[in-house]
Colleague: 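One structure follows; several queries about it will come next.
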Amino acid sequence: MVRPRRRGILSSLAIALVIPLITIVMSPPATAAPAAFAHPGVLVSKAQLDFVRAKVNAGAQPWKAAYDQMIASPLASLSRTPKPRAVVECGPYSNPNNGCTDERQDALAAYTDALAWYISRDSRYADKAIQIMDAWSGVITDHTNSNAPLQTGWAGSSWPRAAEIIRYTYTGWSATGVNRFATMLRNVYLPEVINGSARTNGNWELTMTDAAIGIAVFLEDKAAYDKAVSTFRARVPAYVYLTADGAFPKGPAGSGIDTRAEVVDYWQGQDTFVDGLSQETCRDFTHTGYGLASIAHVAETARIQGQDLYPEIADRLRHALGLHAKYQLGTAVPAWLCGGSLTLGLGPVTEVGFNALHNRMGIAMSNTQTLTERQRPAGTNNLFVAWETLTHAGNPH
């Protein structure tokens with residue numbers, strides 16, 4: 001099967017190199033990659049990890065309960081055997097599923113083990129994370145079939161989170177292992193996610209961008225970092241509506257979706273727009289949750305790297321979290337919204353955004369707070385979200 005990215009990695013690199021140059025000229029402080037990358041610096045920083053470790057060691061809640069939940073998970077099992085394969089084939093809704101679940105679960109397990117190592121200082125967890133990462137970096141060469149970009153985004157979001165913690169806080173990962181893992185991210189994952197996915201549902205491109213920025217940090221690739229931020233800035237306004245946008249939402253950049261009729265069709269037939277409505281609200285809350293989680297993840301990683309994107313997305317994210325939390329909590333659905341019927345199931349996706357906007361920025365978010373606290377400790381969605389009560393609840397760093 002010949003896929004679009006087979007046009008060559010060079011073309012992807014050319015795009016990644018050209019676009020940042022354009023944005024740097026226009027607004028240097030807002031878009032330039034950091035002069036020096038911070039490590040560990042994908043979703044969680046050292047200061048955040050130290051805060052969590054201190055809370056767990058003190059038996060403080062909700063962190064201790066969240067840690068116990070994580071350690072009891074199969075993802076933290078020290079007897080886990082990784083299941084790498086050369087080609088991961090994922091069709092629609094992972095059908096066929098040739099390595100899709102295995103890859104996602106192993107990537108999440110590596111991240112889980114990395115967190116367990118840092119908090120417990122039990123080197124068995126670090127060694128298990130290394131075993132999993134080395135197993136995959138020595139085997140995988142490609143992702144195929146229609147869900148390949150999304151699958152690469154899911155797994156590619158978790159891998160650098162794990163790798164950052166292990167590489168920068170543990171001495172047992174060999175240089176050979178680190179380099180081979182970096183080569184895997186650069187050659188197998190980055191080309192699949194770096195150019196986005198303009199015409200698919202928005203959770204795809206946002207998750208791909210989540211992976212791209214994490215990979216860019218691990219590789220210290222400034223061009224890829226800038227490209228990820230550029231894609232993020234274009235996609236967020238096309239995923240969450242604000243009345244300031246005008247009579248109808250923006251279409252995704254590069255999609256050709258720009259008339260009202262086209263946008264309504266793309267927004268699952270919804271033709272009444274209010275603050276915080278998502279492009280996938282009327283599809284279901286689960287996929288919407290993927291998109292909102294990715295928005296928070298990208299902003300959190302950028303913030304750790306010294307580029308605070310939260311102020312420019314704060315209104316969209318707070319309204320989106322609040323609107324979906326309200327209905328997830330049981331508010332009656334009005335007739336104008338998705339025909340009066342919603343498919344709920346937002347998932348464990350509110351902690352990072354809630355902590356950033358409410359705890360650090362002081363924004364009142366009553367519905368989001370109620371839902372977030374009710375769902376604690378937030379576990380994993382078994383795709384790319386995991387243990388965010390542990391890592392981000394009340395985390396001031």
Side-chain angles (χ1 to χ4, degrees), residues 1-9 11-16 18-19 88-95 100 103-104 107 142-160 185-216 223-240 249-258 262-263 265-268 278-281 283-284 286-299 301 313 381 383-385:
M1 177 179 179
V2 178
R3 310 212 321 281
R5 72 177 180 85
R6 293 303 189 201
R7 288 177 295 181
I9 294 174
S11 63
S12 298
L13 290 177
I15 293 170
V18 170
I19 290 178
V88 174
E89 182 187 9
C90 308
Y93 297 94
S94 295
N95 181 24
C100 315
E103 180 188 29
R104 295 193 303 262
D142 205 1
H143 297 86
T144 64
N145 214 319
S146 61
N147 258 34
L150 181 59
Q151 171 72 20
T152 310
W154 281 335
S157 294
S158 299
W159 286 130
L185 292 182
R186 183 175 296 283
N187 294 343
V188 179
Y189 289 83
L190 188 59
E192 190 71 68
V193 298
I194 192 61
N195 290 315
S197 181
R199 291 192 64 87
T200 52
N201 283 304
N203 81 89
W204 276 51
E205 187 161 74
L206 288 164
T207 302
M208 292 162 70
T209 305
D210 187 358
I213 197 170
I215 292 168
Y225 177 96
D226 280 344
K227 173 65 168 144
V229 171
S230 175
T231 300
F232 176 78
R233 283 181 152 147
R235 173 55 86 162
V236 173
Y239 195 68
V240 176
K250 302 173 184 294
S255 68
I257 299 170
D258 50 20
E262 289 169 340
V263 167
D265 182 63
Y266 182 58
W267 283 58
Q268 327 298 325
S278 161
Q279 180 257 319
E280 295 187 272
T281 300
R283 181 186 185 191
D284 58 62
T286 301
H287 286 89
T288 300
Y290 301 163
L292 299 183
S294 294
I295 289 171
H297 293 167
V298 173
T301 294
I313 65 162
N381 69 358
L383 298 172
F384 72 109
V385 176

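Counting begins at 1 with the first residue of the sequence.
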Colleague: Hey, is the main chain of A148 close enough, under 3.5 Å, to the side chain of E192 for a donor-acceptor pair?
Modeller: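 No, E192 side chain to A148 backbone: no donor-acceptor pair under 3.5 Å.
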Colleague: Measure the spacing between OG of S294 and CH2 of W154 and express it to the nearest 0.5 Å.
Modeller: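 Those atoms lie 10.5 Å apart.
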Colleague: With sequence neighbours left out, what residues match Y189 under side chain to side chain donor-acceptor pair (under 3.5 Å)?
Modeller: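 Result, side chain to side chain donor-acceptor pair (under 3.5 Å) vs Y189: E103, W159.
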Colleague: So which atom in Y266 and which in T200 form the shortest heavy-atom distance, rounded to 0.1 Å?
Modeller: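 So the two residues come closest at OH-O, 2.7 Å.
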Colleague: Which value, rounded to the nearest 0.5 Å, describes the distance between M208 atom CE and T152 atom OG1?
Modeller: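 Spacing of CE (M208) from OG1 (T152) equals 7.5 Å.
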Colleague: To the nearest 0.5 Å, what is the distance between CG on N203 and CG on L383?
Modeller: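 Nearest 0.5 Å value for the CG-CG distance: 10.0 Å.
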Colleague: Side chains of N145 and V88, heavy atoms from C-beta outward: is any pair under 4.5 Å?
Modeller: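 No, too far: nothing below the 4.5 Å cut-off.
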Colleague: When you measure from the side chain of N381 to the backbone of V385, do you find a donor-acceptor pair of N or O atoms at a distance under 3.5 Å?
Modeller: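 Indeed, once roles are kept as given, a pair shorter than 3.5 Å links the two residues.
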Colleague: Give a yes-or-no answer on whether the side chains of D210 and H297 include a donor-acceptor pair shorter than 3.5 Å.
Modeller: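 Yes - a donor-acceptor pair under 3.5 Å links their side chains.
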Colleague: I'd like to check T288 versus S278 (side-chain heavy atoms, cut-off strictly below 4.5 Å). Are they in contact?
Modeller: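 Sidechains of S278 and T288: in contact.
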Colleague: Say whether, by atom type as modelled, one donor and one acceptor occur between the side chain of Q151 and the main chain of N147 under 3.5 angstrom.
Modeller: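 Answer holds: no.
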Colleague: Answer yes or no: is there a donor N or O on one side and an acceptor on the other, between the side chain of S94 and the main chain of C90, under 3.5 Å?
Modeller: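 Here the side-chain-to-backbone pair does not exist.
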Colleague: Between the side chain of Q268 and the main-chain N/O of E280, is any donor-acceptor distance below 3.5 Å?
Modeller: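 Between the backbone of E280 and the side chain of Q268 there is no qualifying donor-acceptor contact (under 3.5 Å).
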Colleague: Kindly indicate, with the supporting measurements, whether the criterion side-chain contact (heavy atoms from CB on, under 4.5 Å) is fulfilled by V188 and D142.
Modeller: CA-CA 6 Å; V188 179; D142 205 1; 5.6 Å; no
Colleague: Are L190 and L185 packed together at the side-chain level, in the sense that at least one heavy-atom pair is separated by less than 4.5 angstrom?
Modeller: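 No; the side chains remain at least 4.5 Å from each other.
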Colleague: Where is the tightest heavy-atom contact between A228 and I194, given as atom of each residue plus distance?
Modeller: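 In terms of heavy atoms, the two residues are closest at N-CD1, 4.4 Å.
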Colleague: Search all heavy atoms of G153 against all heavy atoms of V193 and return the closest pair with its distance.
Modeller: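 Nearest pair, atom of G153 first, then V193: N-CG1, 3.9 Å.
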Colleague: Does the D284 side chain pair with the main chain of T286, one donor and one acceptor, at a distance under 3.5 Å?
Modeller: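 At least one qualifying donor-acceptor pair exists.
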Colleague: For the CG atom of N95 and the OG atom of S146, what is their distance to the nearest 0.5 Å?
Modeller: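 That separation rounds to 9.5 Å.
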Colleague: Give a yes or no on whether the backbone of S197 and the side-chain of R235 come within a donor-acceptor separation of less than 3.5 Å.
Modeller: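 Flag set: sc R235 to bb S197 pair under 3.5 Å.
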Colleague: With no hydrogens and no angle check, is any side-chain donor or acceptor of S230 less than 3.5 Å from a backbone partner on K227?
Modeller: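 No: the side chain of S230 does not pair with the backbone of K227.
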Colleague: Give, for atom CD of Q279 and atom NZ of K250, the distance between the pair rounded to the nearest 0.5 Å.
Modeller: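 So the gap between those two atoms works out to 15.5 Å.
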Colleague: Could you tell me whether the side chain of E205 and the main chain of G196 form a donor-acceptor pair under 3.5 Å?
Modeller: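 No, because the side chain of E205 does not come within donor-acceptor range (under 3.5 Å) of the backbone of G196.
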Colleague: Judged by atom type as modelled, is there a donor-acceptor pair below 3.5 Å linking the side chain of R104 to the main-chain atoms of A155?
Modeller: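 Absent.
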Colleague: Please evaluate residues I295 and L206 with respect to the criterion side-chain contact (heavy atoms from CB on, under 4.5 Å), reporting the C-alpha separation (whole Å), side-chain torsions for both, the decisive distance (0.1 Å), and the verdict.
Modeller: CA-CA 7 Å; I295 289 171; L206 288 164; 3.9 Å; yes
Colleague: List for me each residue that meets side chain to side chain donor-acceptor pair (under 3.5 Å) alongside T231, sequence neighbours excluded, and say none if there are none.
Modeller: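 T231: no side chain to side chain donor-acceptor pair (under 3.5 Å) contacts found.
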Colleague: To the nearest 0.5 angstrom, please state how far the CZ atom of F232 sits from the OH atom of Y239.
Modeller: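 Nearest 0.5 Å value for the CZ-OH distance: 12.5 Å.
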Colleague: Relative to the ring of F384, is the ring of Y290 parallel (under 30°), tilted (30 to 60°) or perpendicular (over 60°)?
Modeller: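 The arrangement is perpendicular - the two ring planes meet at more than 60°.
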Colleague: Work out which heavy atom in A198 is nearest to a heavy atom in S255; give both atom names and the distance.
Modeller: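 Of all heavy-atom pairs spanning A198 and S255, the closest is O-CB, 3.7 Å.
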Colleague: Answer yes or no: is there a side-chain heavy-atom contact under 4.5 Å between P252 and I257?
Modeller: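 Yes. Closest side-chain heavy atoms under 4.5 Å.
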Colleague: What pair of heavy atoms forms the shortest contact from L292 to V240, and how long is it?
Modeller: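 Heavy atoms only, the tightest pair is CD2-CG2, 4.1 Å.
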